[in-house]
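Presented below is the structure to which this report refers.
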Amino acid sequence: MDIRETHPFDLAPAEAIRLQERLRKQVRPSGDAGKVSLVAGADASYTKGDDVIHAVVVALRYPDLTVVERVSAATVTTFPYIPGLLTFREGPALIEAFRRLRSEPDVIFFDGQGIAHPRGLGIASHMGVLLDRPTVGVAKSLLVGTAAEPAVERGSTAPMLRDGETIGMAVRTKERVKPVYVSVGHRIDLVQAVDLVLSAARGYRLPEPTRQAHLYANTVRRERGRGERQTSLPTR
DNA sequence: GCGACAG
DNA sequence: ATCTTGTCGC
């Protein structure tokens with residue numbers, strides 16, 4: 001059965017928040033992803049004034065990080081970007097992309113927060129519950145909480161804190177480059193999540209799954225945009 | 001009431 | 001997220 005039959009996305013912000021408060025109870029911020037041999041990165045891309053969301057999932061073999069599969073899906077959104085409600089904007093496109101994915105990744109990286117979220121349900125946690133898979137949030141900035149600056153060496157970390165609780169880890173994936181903010185999504189613990197992010201980061205700030213997803217999402221968006229324009233606005 | 005605020 | 005060219009530093 002389709003996830004969207006049991007999970008509404010077309011909600012008003014206040015209703016979306018209530019749904020998050022209900023779903024947060026299903027998040028399991030611990031566990032072992034087991035022996036990881038396949039990882040995936042998911043991301044979305046869109047053109048400024050447009051309401052079309054292009055979502056992609058890229059699967060990579062681990063630990064060699066060779067890309068083995070790429071899928072994409074596009075949806076039309078009415079939900080705006082509201083901090084804390086990102087999944088209601090990108091979720092439907094991501095779900096469709098995952099439906100098209102034939103690989104079965106052991107862990108999935110998302111561009112955004114896991115439990116480091118106002119209601120403990122960032123996009124990585126939310127999607128983790130819907131997909132019932134281990135997920136990790138890899139964000140480029142903080143949504144809630146604070147973190148000290150990790151030392152300049154690659155591999156340095158500093159806890160992300162909120163009310164004295166550790167909700168994630170700032171991780172320096174590249175020497176002297178701004179850290180990424182890792183938080184657990186679902187069915188994995190923070191130690192393994194940080195370990196995977198670090199081992200999947202090869203010479204760039206973003207770990208390969210997320211980086212490849214980002215690149216592919218932009219490619220897909222530009223190609224589709226070009227194709228649609230050609231069929232709807234013939235050249236003279 | 002005033003800011004902060006993933007992508 | 002996206003708009004955008006060159007430019008400074010490792």
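In what follows, chains carry the letters A, B, and so on, assigned in the order in which the sequence lines appear, proteins first and then strands, with residues in each chain numbered from 1. Treat the numbers as computed from the prediction; the structure is a model and nothing was measured.
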With a cut-off of 6.0 Å (strictly less than), are more than 12 heavy atoms of other residues, nucleotides or ligands near CG of A:D10?
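Atom CG in A:D10 is not crowded, with 12 or fewer foreign heavy atoms closer than 6.0 Å.
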
Salt bridge (charged side-chain N to carboxylate O under 4.0 Å, His left out) partners for A:E15, two or more places apart
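A:E15 satisfies salt bridge (charged side-chain N to carboxylate O under 4.0 Å, His left out) with no residue once adjacent residues are dropped.
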
Quick one: salt bridge (charged side-chain N to carboxylate O under 4.0 Å, His left out) partners of A:K140, sequence neighbours excluded?
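A:K140 satisfies salt bridge (charged side-chain N to carboxylate O under 4.0 Å, His left out) with A:D111 once adjacent residues are dropped.
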
Do A:R222 and A:S45 have side-chain atoms, one donor and one acceptor, less than 3.5 Å apart?
no

Specify the separation, in whole Å, of atom NZ of A:K48 and atom P of C:dC3.
8 Å

Between atom CZ in A:R222 and atom P in C:dT4, what is the gap in whole Å?
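So the CZ-P distance, A:R222 to C:dT4, works out to 11 Å.
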
Of A:R176 and A:S45, whose nearest nucleotide on DNA chain C comes first from the 5' end?
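On the 5' side of the pair lies A:S45.
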
Hydrophobic clustering (ILVMFWY, side-chain heavy atoms < 4.5 Å, transitive) - are A:V58 and A:L38 grouped together?
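Hydrophobic grouping puts A:L38 apart from A:V58.
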
Reading nucleotides 2-7 of chain B from the 5' end, what letters show protein touch, with B for base, S for backbone sugar-phosphate only, - for no heavy atom under 4.0 Å?
---BBB

Kindly state whether the ring of A:H7 and the ring of A:F9 have centres lying under 6.0 angstrom apart.
yes

Any chance you could measure A:I188, atom CD1, to A:L196, atom CG, to the nearest 0.5 Å?
5.0 Å

Base, sugar-phosphate or nothing for A:D50? Non-hydrogen atoms, less than 4.0 Å.
nothing

Check for me whether A:R211 meets the cation-pi criterion with A:Y204, that is, NZ or CZ under 6.0 Å from the six-membered ring centre and within 45 degrees of the ring axis.
yes

How would you list, by chain and number, every residue that makes a ring-ring contact (aromatic ring centres under 6.0 Å, His included) with A:F79, sequence neighbours excluded?
A:F88

Consecutive-pair stems (3 or more, Watson-Crick or G-U, under 3.5 Å) for DNA chain C
none

I'd like to know whether A:R133 forms a side-chain hydrogen bond (donor to acceptor under 3.5 Å, both in side chains) with A:H186, so could you lay out the CA-CA distance, the side-chain angles of the two residues, the decisive distance to 0.1 Å, and finally the verdict.
CA-CA 7 Å; A:R133 298 256 79 199; A:H186 185 54; over 6 Å; no

Under 4.0 angstrom between A:R221 side-chain N/O and C:dA1 OP1 or OP2:
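It does not, given that no N or O in the side chain of A:R221 lies less than 4.0 Å from OP1 or OP2 of C:dA1.
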
Can you name the atoms? Protein N/O to nucleotides 5-9 of chain C N/O, anything below 3.5 Å, with the distance.
none

